[in-house]
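Atoms considered below: every heavy atom in the structure, side chains included; atoms not considered: hydrogens, waters and symmetry mates. First the proteins, then the strands, lettered A, B, ... as listed; each starts at 1.
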Amino acid sequence: MAAMHPRTIVHIDLDCFYAQVEMVADPKLKDKPLGIQQKNIIVTCNYPARARGVHKLMYINKVPKVCPDLIIRDGSNLKRYREASEKILDHLRGWTPEVERLGMDEFFLDVTHMVADEQEKMEKKLDFVGHVYRGETLTLIETQTRNESHVPSCTAKVHHCRCGCYQRLMTGSHIAQRIRTSLYQTLGYTASAGISVGKMIAKLSGELKKPNQQTTMLPAYIDGFLAPLRVRKIPGCGYSTSKKLASLGIETVTQLRNLSKQKLIKAVGAQIGGRLHDLAFGLDTSHVVATVREKQMSEEDSFKSCTAIDDVALRILSILRPLLERVRMRFQKHGDLPSTLRLTIRDRLSHQKTEQSKINTSGGAYFTTRTSRQTTIPLGFFHPENKKQEGYCVDHLMKLFFKMIPRKNQRFHLTLINVAVARFQAFGGAGKLGKQHGIDSFFIQSPTKTAPSSEDNIPTTRMAHLEHVKHTTDATRISQTARKRKFKTPPSFFRPRPPVQCTSGERAPQPERRQPAEQPVEPEPVTAEEIDALYITAARVTP
DNA sequence: TGGGGTCCT
DNA sequence: AGGACCC
């Protein structure tokens with residue numbers, strides 16, 4: 001007979017991840033209250049800080065009252081956190097290839113095979129390690145087998161599953177413990193873990209005991225554990241879905257169980273509805289999908305105000321540089337390049353009305369929506385050999401910006417800029433191509449998209465392609481165009497500039513100091529002619 | 001509320 | 001292209 005709970009899933013959650021990265025790098029911090037700041041917020045903090053009343057996503061100006069001696073580290077540069085996350089991912093892959101990452105600090109491991117291997121070796125465990133949900137009940141049941149008279153009658157009603165999952169989870173708890181120990185001994189990181197027969201329940205179990213502990217959830221207890229939870233606790237049931245459910249009077253899992261699947265699907269859609277219905281009963285067949293590489297990479301910056309085109313270009317450039325650096329690093333390591341470039345903005349002015357209506361319709365908070373435009377770029381544009389890629393990208397991104405702010409004299413008030421690259425494809429790995437393909441095939445355009453400029457020929461060789469890149473990228477081409485149009489001054493963002501000051505660096509004011517107003521990028525004055533030139537350039541290049 | 005990321009519609 | 005979700 002097939003086992004009802006055949007899998008063993010471990011969910012690993014690094015404790016207060018950003019703070020821990022800082023503490024591992026600088027052990028002096030370990031026992032002191034530590035917070036990680038991004039903009040005006042403590043995004044995370046270590047446990048000593050939590051004991052003092054600091055919590056995640058706390059406004060920095062609340063800090064002095066609860067913890068004036070909080071040590072603050074700037075967390076706006078994610079590089080070291082990314083690197084730490086990669087190391088951890090690699091380490092976990094040493095235990096099993098079936099590792100799925102969620103965010104930077106959470107991992108699902110399907111340890112089913114490890115459990116089977118261990119059981120085959122006759123290494124059956126006789127007890128769990130770490131916490132077991134309602135473990136005290138468990139003890140009572142064991143007592144019961146020895147001496148029935150001492151056991152309260154209610155515990156006798158817990159029937160453990162006989163499919164073998166009990167033994168497997170026991171073994172799983174030991175595997176989880178070993179993994180956590182090795183993580184600490186090799187990399188210095190502590191983590192909490194949940195062990196159960198499905199992803200969702202493993203994740204929820206791990207939250208039960210939190211820093212540096214683990215909890216196993218046996219199937220017999222899943223229903224009872226889930227029943228009183230708010231639906232919002234279920235992974236996948238977020239802000240919006242839980243509001244929709246609340247409007248139907250559904251706030252807990254028990255209430256959710258009593259809603260027919262059909263009604264649920266009608267309320268929140270087939271995908272979420274179907275899954276939510278199953279999850280309410282603890283039914284979770286979703287698989288651990290081994291994480292490969294990111295499918296997109298982005299950098300963003302948020303700020304109080306950006307209202308000038310020149311400022312937009314400057315900020316785009318300061319975002320772009322670290323992004324391109326990441327693209328280069330990835331290319332070195334994996335040999336792939338992106339072929340999509342995307343610009344996303346948050347513009348207060350274009351969403352003012354929407355905000356009002358959203359408040360009225362949904363009755364709650366809203367998030368100022370983002371707007372994006374993306375373009376397809378020939379794969380080789382991001383090749384490190386393309387020295388002009390920075391200018392080229394700014395050119396393209398400004399073009400995308402003008403698609404969103406199309407009219408001259410249209411005012412805007414940006415509060416966020418995000419630049420993303422996506423659609424990574426192997427580049428230059430001729431040896432890996434099928435025989436019918438040569439390296440030339442890398443430059444054949446996707447049929448669904450056109451080249452950036454229709455007048456350009458599609459290059460068919462690598463060198464020709466790079467030449468093409470050079471020509472179409474060259475900022476001077478734009479400048480010359482601007483001159484031809486009789487604008488003496490080329491758009492200012494094409495001129496060489498001093499290194500961009502990372503204004504979003506707007507770096508970590510210490511808590512005792514008053515929040516200085518955000519230091520704006522000092523925009524170079526932009527003339528009417530320059531703006532004209534920008535719009536003309538954009539119009540010329542934009543189809 | 002940050003600065004990421006994923007998948008679905 | 002946007003929405004909703006995750007951290």
Side-chain angles (χ1 to χ4, degrees), chain A residues 11-18 35-45 55-63 74-82 85 88-89 100-108 199-200 203-204 206-207 231-245 268-276 279 286 289 291-304 319 322-323 326 340 342-346 350-351 354 358 362 365-375 400 403-404 415-422 502 504-508 515:
Chain A
H11 177 258
I12 301 232
D13 186 343
L14 276 289
D15 300 320
C16 53
F17 184 57
Y18 289 4
I36 307 301
Q37 181 176 13
Q38 287 172 339
K39 294 290 149 61
N40 292 325
I41 284 176
I42 299 295
V43 290
T44 191
C45 59
H55 52 81
K56 289 182 184 175
L57 299 184
M58 180 183 228
Y59 276 105
I60 195 84
N61 58 22
K62 305 289 182 202
V63 167
D74 179 15
S76 45
N77 187 347
L78 301 183
K79 189 174 183 216
R80 289 178 313 125
Y81 309 141
R82 266 190 211 105
S85 180
I88 292 164
L89 179 59
E100 177 178 344
R101 176 165 55 180
L102 188 58
M104 273 193 243
D105 63 337
E106 289 188 16
F107 305 86
F108 290 101
K199 288 171 73 178
M200 176 198 67
K203 181 174 158 72
L204 291 178
E207 284 173 26
V231 290
R232 183 65 232 266
K233 285 282 177 194
I234 299 178
C237 185
Y239 176 84
S240 178
T241 303
S242 57
K243 288 294 169 226
K244 286 176 191 168
L245 291 175
V268 304
Q271 183 90 13
I272 300 257
R275 195 170 143 70
L276 229 47
L279 289 178
S286 64
V289 179
T291 292
V292 196
R293 281 163 242 140
E294 297 87 348
K295 295 176 176 171
Q296 66 171 61
M297 290 191 327
S298 67
E299 295 255 344
E300 70 185 43
D301 190 9
S302 61
F303 32 79
K304 285 284 170 299
I319 288 168
L323 181 61
R326 280 211 273 152
T340 291
R342 179 169 59 237
L343 179 70
T344 304
I345 60 173
R346 194 170 59 196
S350 70
H351 283 290
T354 337
K358 282 203 175 183
S362 75
Y366 62 89
F367 300 100
T368 64
T369 57
R370 298 167 176 216
T371 311
S372 72
R373 294 292 182 272
Q374 66 178 48
T375 184
L400 294 172
K403 284 190 183 177
M404 293 182 273
T415 57
L416 176 139
I417 296 178
N418 175 300
V419 176
V421 292
C502 198
S504 60
E506 289 147 342
R507 146 217 56 71
Q515 282 305 296

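With sequence neighbours excluded, the residues satisfying salt bridge (charged side-chain N to carboxylate O under 4.0 Å, His left out) with A:R275 are A:D284. Under the side-chain contact (heavy atoms from CB on, under 4.5 Å) criterion, A:S240 pairs with A:K244, sequence neighbours left out.
Within the 4.0 angstrom heavy-atom criterion, no nucleotide atom of any strand lies near A:M58. At a threshold of 4.0 angstrom between heavy atoms, the contacts of A:R275 with the nucleic acid are absent. In this structure, A:R326 reaches the sugar-phosphate backbone alone: every heavy-atom distance under 4.0 Å involves primed, P, OP1 or OP2 atoms, never a base. Among the protein residues, A:Q296 comes within range of the nucleic acid bases, having at least one heavy atom under 4.0 Å from a base atom. Residue contacts shown for A:K203 are limited to sugar-phosphate atoms, with no base heavy atom under 4.0 Å away.
The NZ atom of A:K199 sits 11.0 Å away from atom CG of A:L279, with the distance rounded to the nearest 0.5 Å.
Rounded to an integer number of Å, the gap from A:E106 CD to C:dC6 P is 11 Å. If you take CG of A:N418 and P of B:dT6, they are 12 Å apart, rounded to a whole angstrom.
Contact annotation: A:S298 reaches the phosphate of B:dG5 (side-chain N/O to OP1 or OP2, under 4.0 Å). For A:R82 and B:dG4, the shortest distance from a side-chain N or O to OP1 or OP2 is below 4.0 Å. Phosphate contact (OP1/OP2 of B:dT1, side-chain N/O of A:K39, threshold under 4.0 Å): absent.
Ring geometry, A:Y81 versus A:Y18: the interplanar angle falls under 30°, so the pair is classed parallel (tilted spans 30 to 60°).
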